[in-house]
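Note sheet for the following structure.
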Amino acid sequence: QEPLVESGGGLVQAGGSLRLSCAASRRTLSIYVGWFRQAPGKEREFVAAISWTDGSTFAAGSVKGRFTISRDNTNTTAYLQMSSLKPEDTAVYYCAAGAVVGPRNYRNYASWGQGTQVTVSS
């Protein structure tokens, strides 16, 4: 599987916004592209996912209404627009692709990005 290339992390104050990008090859996409995050000492958790075939989206309850996942089919890039960020959103964010079922389960994904750090200060 070809790696995914993430960008867009950084340091932001609480209430601020960031946009993460995930560039993938068309062979890697399969059906679902997802974003997951992992904070120190915690398990990797689902954030959001999008179906590359019909654009349907899924989001964790903790980010619903604040984060938006989208896709650009032309350049096979997925985006995670994060708004109203909170200190508890601080984590390494990972992009994943290649799932054909169960977009909320990280075990269903075949390809992963290297991760990008998002830090939200209070």
Side-chain angles (χ1 to χ4, degrees):
Q1 294 287 345
E2 297 176 15
L4 308 176
V5 180
E6 301 159 355
S7 60
L11 172 64
V12 65
Q13 287 189 331
S17 299
L18 283 174
R19 189 176 80 158
L20 306 183
S21 300
C22 173
S25 70
R26 207 163 281 279
R27 289 183 296 175
T28 305
L29 289 174
S30 190
I31 295 180
Y32 297 108
V33 173
W35 287 95
F36 293 79
R37 66 186 182 187
Q38 189 165 18
K42 294 188 176 181
E43 292 188 356
R44 189 166 298 192
E45 66 170 345
F46 170 74
V47 176
I50 188 167
S51 166
W52 216 264
T53 55
D54 64 12
S56 55
T57 61
F58 310 82
S62 59
V63 306
K64 199 168 287 186
R66 300 189 298 123
F67 292 10
T68 302
I69 188 170
S70 61
R71 77 191 198 283
D72 182 334
N73 204 24
T74 302
N75 60 14
T76 59
T77 299
Y79 302 97
L80 184 68
Q81 178 66 47
M82 306 184 294
S83 302
S84 302
L85 283 160
K86 304 175 181 179
E88 50 264 44
D89 294 318
T90 295
V92 177
Y93 283 69
Y94 297 91
C95 176
V100 295
V101 295
R104 298 175 185 269
N105 189 337
Y106 71 88
R107 296 178 180 86
N108 292 332
Y109 289 85
S111 299
W112 290 84
Q114 78 283 2
T116 185
Q117 177 71 45
V118 172
T119 303
V120 184
S121 63
S122 56

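We number each residue from 1, following the sequence as shown. FYI, side chains are in, hydrogens and waters are out, and symmetry mates aren't considered; it's all heavy atoms of this structure.
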I'd like to know whether Gln114 forms a side chain to side chain contact (heavy atoms under 4.5 Å, CB included) with Glu6, so could you lay out the CA-CA distance, the side-chain angles of the two residues, the decisive distance to 0.1 Å, and finally the verdict.
CA-CA 7 Å; Gln114 78 283 2; Glu6 301 159 355; 4.0 Å; yes
One pair to check against side chain to side chain contact (heavy atoms under 4.5 Å, CB included): Trp35 and Ile69. What are the steps and the verdict?
CA-CA 9 Å; Trp35 287 95; Ile69 188 170; 3.6 Å; yes
Please name the pair of heavy atoms, one in Ala39 and one in Ala91, separated by the smallest distance, quoted to 0.1 Å.
N-CB, 3.8 Å
Return the CD to CG distance between Gln13 and Leu85, rounded to the nearest 0.5 Å.
11.5 Å
Quick check: closest heavy atoms across Ser122 and Ala14, and the distance to 0.1 Å?
CA-CB, 4.3 Å
Taking side chain as C-beta onward, heavy atoms only, is Thr90 less than 4.5 Å from Glu88?
no
For Ala24, does its backbone N or O pair with a side-chain atom of Thr76 as donor and acceptor, under 3.5 Å?
yes
Given 3.5 Å as the limit, does a donor-acceptor pair link the side chain of Thr116 with the main chain of Gly9, or not?
yes
Within a strict 4.5 Å, meaning less than it, do heavy atoms of the Met82 and Leu20 side chains meet?
yes
Run the numbers on Phe67 and Gln81 for side chain to side chain contact (heavy atoms under 4.5 Å, CB included), then give the verdict.
CA-CA 5 Å; Phe67 292 10; Gln81 178 66 47; over 6 Å; no
In one Ile/Leu/Val/Met/Phe/Trp/Tyr side-chain cluster, 4.5 Å: Val12, Val92:
no
Taking all non-hydrogen atoms of both residues into account, name the closest pair between Ser21 and Thr77 and its distance.
CB-CG2, 4.3 Å
Side-chain donor-acceptor pair under 3.5 Å between Thr119 and Gln117, yes or no?
yes
Side-chain heavy atoms under 4.5 angstrom apart, residues restricted to Ile, Leu, Val, Met, Phe, Trp, Tyr: same cluster for Tyr79 and Phe58?
no
Note, Tyr32 side chain near Val100 side chain (heavy atom, < 4.5 Å)
no
Arg107 to Trp112, cation-pi by 6.0 Å centre distance and 45° axis angle
no
Donor-acceptor contact present, side-chain Asn108 to main-chain Val101, <3.5 Å:
yes
With heavy-atom distances below 4.5 Å as the criterion, would you say the side chains of Val118 and Leu18 are in contact?
yes
Do Arg37's NZ or CZ and the ring of Tyr94 fall within the cation-pi criteria of under 6.0 Å and 45°?
no
For the side chain of Asn105 and the backbone of Gly102, is there at least one donor-acceptor N/O pair under 3.5 Å apart?
no
Could you report the tightest heavy-atom contact between Asp72 and Trp52, atom names first, then the distance?
O-CZ2, 3.9 Å
All heavy atoms of Phe46 vs all of Ala60, minimum pair found to be O-CB, 3.4 Å
For a quick test of reading the model, state the closest non-hydrogen atom pair linking Gly34 to Tyr109 and the distance between them.
N-CE2, 3.6 Å
What class does the angle between the rings of Tyr106 and Phe36 fall in, given that below 30° is parallel, 30 to 60° is tilted and above 60° is perpendicular?
perpendicular
Pairwise distance OG1(Thr68) to CD1(Ile50) - rounded to 0.5 angstrom
10.0 Å
Euclidean distance, Ser51 OG relative to Arg71 CZ, rounded to 0.5 Å
7.0 Å
Checking Val33 against Cys95 for the side chain to side chain contact (heavy atoms under 4.5 Å, CB included) test, could you report, in this order, the C-alpha distance in whole Å, the side-chain angles of both residues, the deciding distance, and whether it holds?
CA-CA 7 Å; Val33 173; Cys95 176; 4.0 Å; yes
